[in-house]
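Worksheet: one structure, shown below.
Computed from a predicted model, the values in this text were never measured in an experiment. Within every chain, numbering begins at 1; the chains are lettered A, B, ... in the order of the sequence lines, protein sequences first and strands thereafter.
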Amino acid sequence: MENKHKLLLIDGSSVAFRAFFALYNQIDRFKAPSGLHTNAIYGFHLMLTNLLERIEPSHVLIAFDAGKTTFRTKMFSDYKGGRAKTPDEFREQIPFIKEMIEKLGIAHYQLVDYEADDIIGTLDKMAEAPDVSFDVTIVTGDKDMIQLVDSNTTVEISKKGVAEFEAWTPEYLMEKMQLTPAQFIDLKALMGDSSDNYPGVTKVGEKTALNLLHEWGSLENIYANVESLKKSKMKENLIADKEMAFLSQTLATIDTVSPIEIGLDDTVYSGPKVDELSKFYDEMGFSQFKTKLNVQNGDTSEEIQAAAEKIDFKVINASDEISVDANDFYYIEILGDNYHKEEIIGFAWGNDKEVFVSKDLSVLAKLTLPVNTYDYKKNRVLLNRIGVTATLPNYDGMLAKYLISTTEDNKISTISRLFDNGSLRTDEEIFGKGSKLAIPSDEVLFASLAHKVHTLAVSKDKMLDALEENEQISLLTEMELPLAEVLAKMEIQGIYANKETLEVIGQENEERLSVLTKEIYDLAGEEFNINSTKQLGVILFEKLNLPHGKKTKTGYSTAVDVLEGLAPIAPVVAKILEYRQVSKVQSTYVKGLIPQIAEDGKIHTRYVQDLTQTGRLSSVDPNLQNIPVRLEEGRKIRKAFVPSENSTLLSSDYSQVELRVLAHVAQDPNLIAAFKEDADIHTSTAMRVFNIAKAEDVTANDRRSAKAVNFGISYGETEYGLARRLGIPNKEAGTIIKTYFERYPEVATYIEKTKRDAKEKGFVSTMFNRRRKLPDINSRNFNVRNGAERQAINAPIQGSAGDILKIAMINLDKALTEMKLNAKLLLQVHDEIILDVPNQELDKVKALVKTTMENAVQLSVPLKVDENTGTTWYEAK
DNA sequence: CCCTTCACG
DNA sequence: ACGTACGTGAAGGGA
């Protein structure tokens, strides 16, 4: 096969500008030793690295604007006029960006009288000549270059930060705006461009321009038919501004035959000039890039150490005396994440002054604890596997970092960056990733372990200060740390899963799937891969010509709601829906779970304690928080989950806990009253919103609507969303929401206050001071901002409910121990816990779980717990 | 590796 | 003028 070349063309001026503003809020952090600001240089580098890794181009060119005046200013003197002066902090960085580009082995170019766009357009056309045929990716900060997209040119526009781009292709342009690339020029001709400062046609914005183009196809055709437009202000404007429209069209058109003096051969990507680049990084103070560069070029560990920071350590063997102090940290390394299966490959302990490392497990067993940790739960499980019981410390670096901020991950390398000097290399750098994951040499491994312990020790005080500042100390010591112990025990305990039961279900599924497959092939008139949405789309919407609803960015959507609409008119669709259901159960829950059953006949999930934005847990490897329940089809899977001998499964769940939390935090009298009366909350809302006097007069449909509103409110639902969900007109949904807020006025006040608070402080909190930062809450982008507002409304509710169950679990574990009961907590599913209870303890434990959960905290409304028991999880629900 | 789909609260 | 509910994890397809 022909090896296709890939050309990456970057609008350096606009990307640099984007980079500058992406890191503008941290401008003071980015300073070279010389005092030069480096945020744009750094951000530009990040973007570049990201693009080079993702696109793997063979050729790259970065084009810059040459100066203020261009051939366009000669045509229209106001072109790009009226722009705010570029900040000095930005301008001073441009020469360094160019220097960096050269050292990275990338070509850059600018041309007097022309813009970067024209250079890129010209090279793009050269790269499309039949004898060369490159794949071209153009990267820029604004939409002007969308006109260049075609079958082998993609335009990526920087969206957010330094890593997010929106990729424009002809298909995407058609889907988003129903325009061809050439029409995009006419769009700008009509609507003008405020940043390039040409006006287009008076009063014509994007919407009107799109309507005109959809109707007439081109600017020329609009004017050819302008007289046939019905009399309106718009028609007058079009006629009056005709000249400006065509001038704008010319200004908007990129010159693809500009007189550039370079060719494609000059854009070959040669790769970094390591020594020069390394020196440049020193000048800029980019220690992380330097470390990475050294690693990529296979330097010995010694040199890596020199580039990073050398942490001294002592290697300890089984026969050595060891010393450990309660203020020390310890850290245990495994390859990958699954601490139920992976072997310990080394460990370290110590403090910011001295660190010890070892690979000898007998040494690990001698470490008498408590000692500060990083991911206590992991250590507790790993030590348990070698017969050692870990002791809970008062501080855990991972949990502390998670509580301080959920915006980033909580890796030690991230802690190093945020709370130390950032010299710690990432695990990916040390161990590789994917298929290349491997244990490094002892030398590298030990250095890395020592550095981790050092980082944890150095960062502890700063992180405690941050927790103190946030009033989160007790959240760490009284919630997350004790919970880590409870979760560790649950994970170690595991839940029995019956392989035979799963196999029987699997057998039945296979038979059904093979029948369904045949039926679908028959109805479709051909064989195809039913699991492929792409192939399915072709069958349904091209071959069978069914009406397609929404489209995804890759093709037709075949999601359930779309298919459900088609089922009545095409029998094959009903079969496909049934196939999907069975196939989901088969692949994820039968085929997926069987290999997860360990030798002890149990499944041991891992709860991720430091991930969610709201404070909930998540469950992985396997996920036991999404075992089917809603449809009988999948619910059968629960028959495979069983208690230990002479025991029963007990499932206890909070009833409407999030709405109760809402009632409490909002202090809404009507909502509180409803819960105090133990009313059916959805019926109660229906009565209030639809003005129904008696509960028995509430129809099923009223209740369904009320239920949708009750849930929607805590997610910040909009009128449009509710209308769609209920299949009613927007206006009607609007009335329902409006009435809801009249009946529950304090809920309305609470939501407004929460949004205001979030905008002011940049974060929201749960009842227990857990925080969620909302960096987008003041975004100028309507969608992004609205999204953040919904998160602001939801996070305190979902998060407080999560915190409440965490408290209940800690209290319950304690009570079970104190009462010397043998019942064991097995699983947690957000508002529900599942226990394995010896039959003779059942009554006692049932009552204990209920009271413990209902009294975890005192709210203005009662907490209510429902319970179910059974000899399988299927029955206990 | 990203996208889509679908399982749960 | 813009798209649409919050929070997750896993599997399969296809580049």
Side-chain angles (χ1 to χ4, degrees), chain A residues 53-54 135 167 176 191 205-208 210 406 433-435 528-537 550-563 576-577 580-581 583-593 596 605-608 611-631 633-635 637-638 653-654 656-658 708-725 730 733 772 781-799 801-802 805 827-832 877:
Chain A
E53 279 175 11
R54 182 159 55 86
D135 272 339
K176 278 284 250 215
M191 62 185 277
E206 184 171 333
K207 194 138 196 187
T208 315
L210 280 173
T406 57
K433 65 169 169 177
S435 57
F528 65 101
N529 188 342
I530 308 170
N531 292 321
S532 159
T533 48
K534 197 176 168 195
Q535 294 181 32
L536 181 61
K550 56 183 177 187
K551 288 186 111 190
T552 64
K553 61 180 117 169
T554 48
Y556 307 105
S557 169
T558 66
V560 250
D561 49 332
V562 176
L563 295 192
I576 290 164
L577 283 166
R580 282 253 178 99
Q581 239 184 63
S583 158
K584 173 78 180 181
V585 174
Q586 185 69 351
S587 62
T588 306
Y589 299 104
V590 176
K591 292 270 177 68
L593 285 179
Q596 296 279 5
T605 185
R606 273 157 37 230
Y607 290 102
V608 185
L611 181 139
T612 71
Q613 297 298 309
T614 54
R616 274 188 176 182
L617 300 173
S618 88
S619 159
V620 291
D621 246 3
N623 181 357
L624 293 184
Q625 290 181 320
N626 72 346
I627 302 300
V629 66
R630 290 172 198 172
L631 299 170
E633 199 57 66
R635 191 169 185 157
I637 293 292
R638 295 185 174 223
D653 67 285
Y654 280 121
Q656 309 292 1
V657 62
E658 292 195 3
V709 182
N710 275 336
F711 280 113
I713 292 300
S714 56
Y715 299 139
E717 181 166 63
T718 57
E719 166 181 315
Y720 181 92
L722 183 68
R724 271 205 39 175
R725 224 166 310 288
N730 285 359
R772 177 176 189 170
N781 180 317
F782 176 92
N783 278 323
V784 173
R785 185 178 64 249
N786 275 351
E789 286 177 0
R790 291 195 295 272
Q791 292 167 341
I793 295 164
N794 179 253
I797 300 170
Q798 185 182 117
L805 186 55
L827 302 175
Q828 189 256 35
V829 194
H830 309 307
D831 64 356
E832 171 191 15
K877 183 72 204 186

Quick one: A/Asn623 CG to B/dC6 P, roughly how many Å, whole number? 17 Å
Which is true for A/Arg606 with a 4.0 Å heavy-atom rule: it touches a base, it touches only sugar-phosphate, or it touches nothing? nothing
Gap between atom NZ of A/Lys534 and atom CG of A/Asn529 - 0.5 Å precision: 12.0 Å
Base, sugar-phosphate, or nothing for A/Arg790, non-hydrogen atoms under 4.0 angstrom? sugar-phosphate
Classify the nucleic acid contact of A/Thr558 as base, sugar-phosphate or nothing, counting any heavy atom under 4.0 Å across all strands shown. sugar-phosphate
Flag the pair A/Glu717 and A/Arg724 as a salt bridge only when some basic side-chain nitrogen lies within less than 4.0 angstrom of an acidic carboxylate oxygen. no
Any strand: nucleotide that pairs with C/dC2 via Watson-Crick or wobble, under 3.5 Å: none
Give one of base, sugar-phosphate or nothing for A/Asp621, where a contact means two heavy atoms less than 4.0 Å apart. sugar-phosphate
Walking along DNA chain C from 5' to 3', note the first and the last nucleotide with an atom under 4.0 Å from a heavy atom of chain A, and give both. C/dA1 to C/dA15
A/Thr605 side-chain N/O to A/Val620 backbone N/O, donor-acceptor pair under 3.5 Å: yes
B/dT4 to C/dT4 separation - P atoms, rounded to the nearest Å: 13 Å
Which is true for A/Ser619 with a 4.0 Å heavy-atom rule: it touches a base, it touches only sugar-phosphate, or it touches nothing? sugar-phosphate
Whichever of A/Lys534 and A/Thr208 has the more 5' nearest nucleotide on DNA chain C, that residue is A/Thr208
Just how far, in rounded Å, is P of B/dC6 from CZ of A/Arg580? 4 Å
Return the value, rounded to whole Å, for the distance between atom CG of A/Asn626 and atom C1' of B/dT5. 13 Å
Over how many whole Å does the gap from A/Gln798 atom CD to B/dC8 atom P extend? 17 Å
Separation of A/Gln535 atom CD from B/dT4 atom P, in whole Å? 16 Å
Between the side chains of A/Glu658 and A/Arg616, is the shortest nitrogen-to-carboxylate-oxygen separation below 4.0 Å, so that they form an ion pair? yes
If I pick the P atom on C/dA5 and the same atom on B/dT5, what distance separates them, to the nearest angstrom? 15 Å
What's A/Val560 touching, base or sugar-phosphate or nothing? Going by heavy atoms closer than 4.0 Å. sugar-phosphate
Quick one: are A/Asp621 and A/Gln596 in side-chain contact, heavy atoms under 4.5 Å? yes
Rounded interatomic separation in angstrom, taking CG from A/Leu624 and P from B/dG9: 13 Å
Classify A/Glu832 by what it touches in the nucleic acid, base, sugar-phosphate, or nothing, heavy-atom distance under 4.0 Å. nothing
Between the side chain of A/Tyr607 and the main-chain N/O of A/Gln828, is any donor-acceptor distance below 3.5 Å? yes
Rounded to whole Å, the CG-P distance (A/Asp561 to B/dT5) equals 9 Å
Distance-only, no hydrogens or angles: does the A/Gln586 side chain make a donor-acceptor pair with backbone N or O of A/Lys591 under 3.5 Å? no
Categorize A/Lys207 for me: base, sugar-phosphate, or nothing, with a 4.0 angstrom heavy-atom threshold over every strand shown. sugar-phosphate
Quick check: does any side chain N or O of A/Thr558 sit under 3.5 Å from a backbone N or O of A/Thr533, one acting as donor and the other as acceptor? no
Residues 787-796 of chain A side chain polar contacts: donor-acceptor under 3.5 Å, at least two apart:
from     : atom 1 : to       : atom 2 : distance (Å)
A/Glu789 : OE2    : A/Lys759 : NZ     : 2.6
A/Asn794 : OD1    : A/Gln798 : NE2    : 3.4
A/Asn794 : ND2    : A/Ser714 : O      : 2.9

Output the rounded distance in Å from CZ (A/Arg638) to C1' (B/dA7). 10 Å
Answer with base, sugar-phosphate or nothing: what part of the nucleic acid does A/Tyr589 contact at a heavy-atom distance below 4.0 Å? sugar-phosphate
For a quick check of understanding: with a heavy-atom distance under 4.0 Å over all strands, which category does A/Asn529 fall into, base, sugar-phosphate or nothing? sugar-phosphate
Find which nucleotide of DNA chain C each of A/Leu210 and A/Ser618 is nearest to by heavy atoms, and output the residue with the more 5' nucleotide. A/Leu210
For A/Gln791, report the nucleic acid contact type (base, sugar-phosphate, nothing); a contact means any heavy atom under 4.0 Å. sugar-phosphate
With a 4.0 Å cut-off on heavy atoms, is A/Thr718 in touch with a base, just the backbone sugar-phosphate, or nothing at all? base
Would you indicate what A/Leu617 reaches in the nucleic acid, counting non-hydrogen atoms under 4.0 angstrom: base, sugar-phosphate, or nothing? nothing
Checking all strands, does A/Val585 fall into the base, sugar-phosphate, or nothing category for heavy-atom contacts under 4.0 angstrom? nothing
